[in-house]
There are 2 protein chains.
Amino acid sequence: MRARRNGLQEPGLHAQDGPETASTLAEVAYRQLRADIVSGAYSPGQPLRLETLKQRYGLSFSPLREALNRLQTERLVVTAALRGFSVAPVSVEEMWDVIETRILIECEALKRAIRNGDDDWEAGIVASFHALDLQVRRRSVEKVSDGSDLALLENRHQEFHRSLISACRSHRLLSLADQLHAETQRYRLPMLAGKIPAAPRDVALEHRQIMDATLARDSASAQQFLADHYQRTGKVIEGSVFA
Amino acid sequence: MRARRNGLQEPGLHAQDGPETASTLAEVAYRQLRADIVSGAYSPGQPLRLETLKQRYGLSFSPLREALNRLQTERLVVTAALRGFSVAPVSVEEMWDVIETRILIECEALKRAIRNGDDDWEAGIVASFHALDLQVRRRSVEKVSDGSDLALLENRHQEFHRSLISACRSHRLLSLADQLHAETQRYRLPMLAGKIPAAPRDVALEHRQIMDATLARDSASAQQFLADHYQRTGKVIEGSVFA
DNA sequence: AAAAGAGTTTCTTTCGAAAATTCTCCATGC
DNA sequence: GCATGGAGAATTTTCGAAAGAAACTCTTTT
C-alpha cells in the first residue's frame with residue numbers, strides 16, 4: 001500500500017486543519033467534502049460521482065463512501081437508492097426550515113448558557129466578538145474579498161455564535177447548532193460573496209446587541225435579538241436569491 | 001457474487017419491514033443494526049467487532065461500515081479513531097440530555113401541529129391513540145410479555161407520539177424526533193421489560209390528557225402534558241436503573 | 001414518426017484480500 | 001516485584017477489482 005498514515009497532514013485545498021487531527025482517511029474525506037460543500041465548491045443538486053471524487057481527493061471508494069454516508073445524515077448530501085450521491089438541493093422552504101430550527105436550538109442553548117455561564121464564558125464571548133469585529137473592519141477597509149479572507153471572517157462569525165451558547169451544558173444542542181450552521185452557510189454564500197446588493201443593515205450592531213443582552217443576563221432580549229438576527233438574514237436571501 | 005438483489009426481503013430477526021423497501025445492503029445493515037441497538041440486543045458500551053457483525057448479518061465490511069458511520073452521527077454508536085465501533089454508552093447525564101432535547105423538539109413540533117393540523121391530522125391522533133390503548137389493555141390482561149408483544153406495543157406508542165406532531169410541517173423536527181425517540185428507547189428498555197417495580201403511574205391517563213389538550217387546540221396545556229410525560233419517565237428510570 | 005427493445009456504456013455497490021494499526025502477553029532488566 | 005519492550009495475534013482500515021443496476025444509444029417495428 002502507498003504511504004498512508006504518514007502523509008496525513010494533507011496540504012489540502014483548505015489551509016485549516018481542524019482541532020483534532022484526523023487519523024483515518026475516512027475522516028479526512030469527511031472533513032474535506034463537508035468543507036467543500038459548505039463553501040460552495042459544488043453547486044446544489046450536483047451529482048457527486050465517485051470516480052471524480054476519487055481523483056480529486058486522491059482517495060478510494062471506501063473512505064469516500066463512509067464520508068458521504070455521514071454527510072447524508074447531516075442533510076448536506078442526498079442519495080437515491082442505486083443512483084449515487086449528490087449535493088443536497090436548496091429551496092426557500094428548506095432554508096426557512098433550517099433557519100427556524102436553528103433559532104429554536106440556539107435560543108434554548110442561549111437561555112441555558114445565560115443561566116449557567118461563568119466568567120470564562122463571558123470572557124470567551126467578549127474575545128470572539130472582538131476578533132469578529134476586527135475582521136469585519138479590516139475587510140471593509142481593504143475592500144478585497146479573496147477566498148482566505150472570507151473563510152477567516154466566516155470562522156470568526158461562527159466562533160462568536162458558538163461562544164454565546166458554549167456554556168449550555170448540552171452535547172446535543174451544541175452539535176445540532178454546528179450542523180445547522182453548516183446548512184445555513186450554503187444559503188449565505190451568495191450574500192457573503194457580495195453577489196447580493198449590500199443590504200441596508202448593520203450586522204455589527206446586531207451582534208453587539210446580542211452580546212450585550214447576553215452579558216447582562218437578559219435572557220428574553222438576547223433570544224429575541226438572536227432570532228431577529230437569523231430571520232433578517234433569511235429575508236435578505238429570500239428577497240434576492242429566491243426572487 | 002452471491003444472490004444479491006433478489007433475496008433482499010430478508011426474513012430478519014425483526015418482523016417489521018420499513019415503509020420504503022431498502023434496495024442496498026448498506027440500507028439493510030443500517031436498519032437491522034439500528035433496530036438491534038435500540039431493542040437492546042447489544043448492551044451499552046459493547047464493542048461491535050466487524051467480524052462478528054459480518055457473521056451475524058451475513059454481510060461484508062463495506063455495508064456494515066457505512067451503516068455504522070450513519071449510526072455514529074445519530075449517537076447510537078461511538079467510535080475511536082482506529083479502535084473500531086461500539087454501542088454508545090449510557091449515563092444519567094446523557095439520558096437527561098436526550099429527554100430535555102426531545103421535549104424541546106417535540107413541544108415546538110406539537111405547537112406547530114396544533115396551529116396547522118387539519119381533520120386528517122386529528123383523525124390520525126384518535127386512531128393511533130385507540131390502537132395504543134387497545135394494545136395496552138390486551139397486554140395487561142394476557143400478562144404475557146414475549147418479544148413481539150412488546151415490540152408491537154412500542155410501535156403503537158411511537159405511532160401515537162408521531163401522529164401528534166405529524167402536521168408540524170418541518171422535515172427537520174420530525175426526523176429529529178425520530179432520532180431522539182430511538183435514543184430514549186434504550187433507556188426505557190429495562191422499564192418495558194418489567195425489571196423496574198411498576199411505578200404508581202397511569203400512563204394511559206397521561207396519553208389521554210395530551211391527546212385531549214391537543215385536539216382542543218390548547219397548545220400550552222398540551223405542551224405541558226407532553227413535557228411532564230417524558231420527564232416522569234426520566235425520573236422513574238433515574239430512580240431505579242441509575243439508583 | 002413514435003415506441004419498443006437489445007446491446008453498450010457508465011456508474012454504483014459489494015466483496016475479499018492486503019496493509020496499517022492496536023492489543024496482548026510474555027520475557028527481560030532494573 | 002514492577003515497569004519496559006517487543007514479537008505475535010487480533011482488528012480495523014483501505015484498496016482494487018468484480019458484479020449489478022441504471023442510463024444511454026442505436027436499431028427495429030408498428
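In this text, all values refer to a predicted model and were calculated from it rather than measured experimentally. Numbers restart at 1 for each chain; the letters A, B, ... are given by sequence-line order, proteins then strands.
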Quiz item: When you match B:Glu51 and A:Arg83 each to their closest nucleotide on DNA chain D, which lands nearer the 5' end?
Solution: B:Glu51
Practice problem: Round to the nearest Å and state the distance from A:Phe61 atom CZ to C:dT14 atom P. | Solution: 13 Å
Exercise. Answer with base, sugar-phosphate or nothing: what part of the nucleic acid does A:Arg65 contact at a heavy-atom distance below 4.0 Å?
Key: base
Practice problem: Tell me, with the steps shown, if A:Glu74 and A:Arg70 meet salt bridge (charged side-chain N to carboxylate O under 4.0 Å, His left out). | Solution: CA-CA 7 Å; A:Glu74 292 185 41; A:Arg70 285 174 65 178; 5.4 Å; no
Quiz prompt | Given D:dT13, C:dC15, C:dC11, the nucleotide with the shortest approach to the side chain of A:Arg49 | solution = C:dC11
Practice problem: Round to a whole Å and report the spacing from CG of B:Leu25 to C1' of C:dC15. | Solution: 10 Å
Quiz item: Can we call the ring centroids of A:His161 and A:His229 under 6.0 Å apart?
Solution: yes
Practice problem: To the nearest Å, give me how far apart CG (B:Leu59) and P (C:dG16) are. | Solution: 11 Å
Self-check item: Side chain of B:Leu82 (C-beta onward), nearest among D:dT13, D:dT14, D:dT12
Solution: D:dT13
Quiz item: Does C:dT14 have OP1 or OP2 sitting under 4.0 Å from an N or O in the side chain of B:Ser62?
Solution: no
Exercise. Identify, between A:Leu50 and B:Lys54, the residue whose nearest nucleotide on DNA chain C lies closer to the 5' end.
Key: A:Leu50
Quiz prompt | Residue list, side chain to side chain donor-acceptor pair (under 3.5 Å) with A:Arg169, at least two apart or on another chain | solution = none
Quiz item: Roughly how many Å is it from OH in A:Tyr57 to P in D:dT14, rounded to a whole number?
Solution: 16 Å
Quiz item: Which part of the nucleic acid, if any, lies within reach of B:Phe85 when heavy atoms closer than 4.0 Å are counted: base, sugar-phosphate only, or nothing?
Solution: sugar-phosphate
Exercise. Using the test side-chain contact (heavy atoms from CB on, under 4.5 Å), find all partners of B:Tyr42 that sit at least two apart in sequence or belong to another chain.
Key: B:Leu33, B:Asp36, B:Ile37, B:Gln46, B:Leu48, B:Leu53, B:Arg56, B:Tyr57, B:Val87
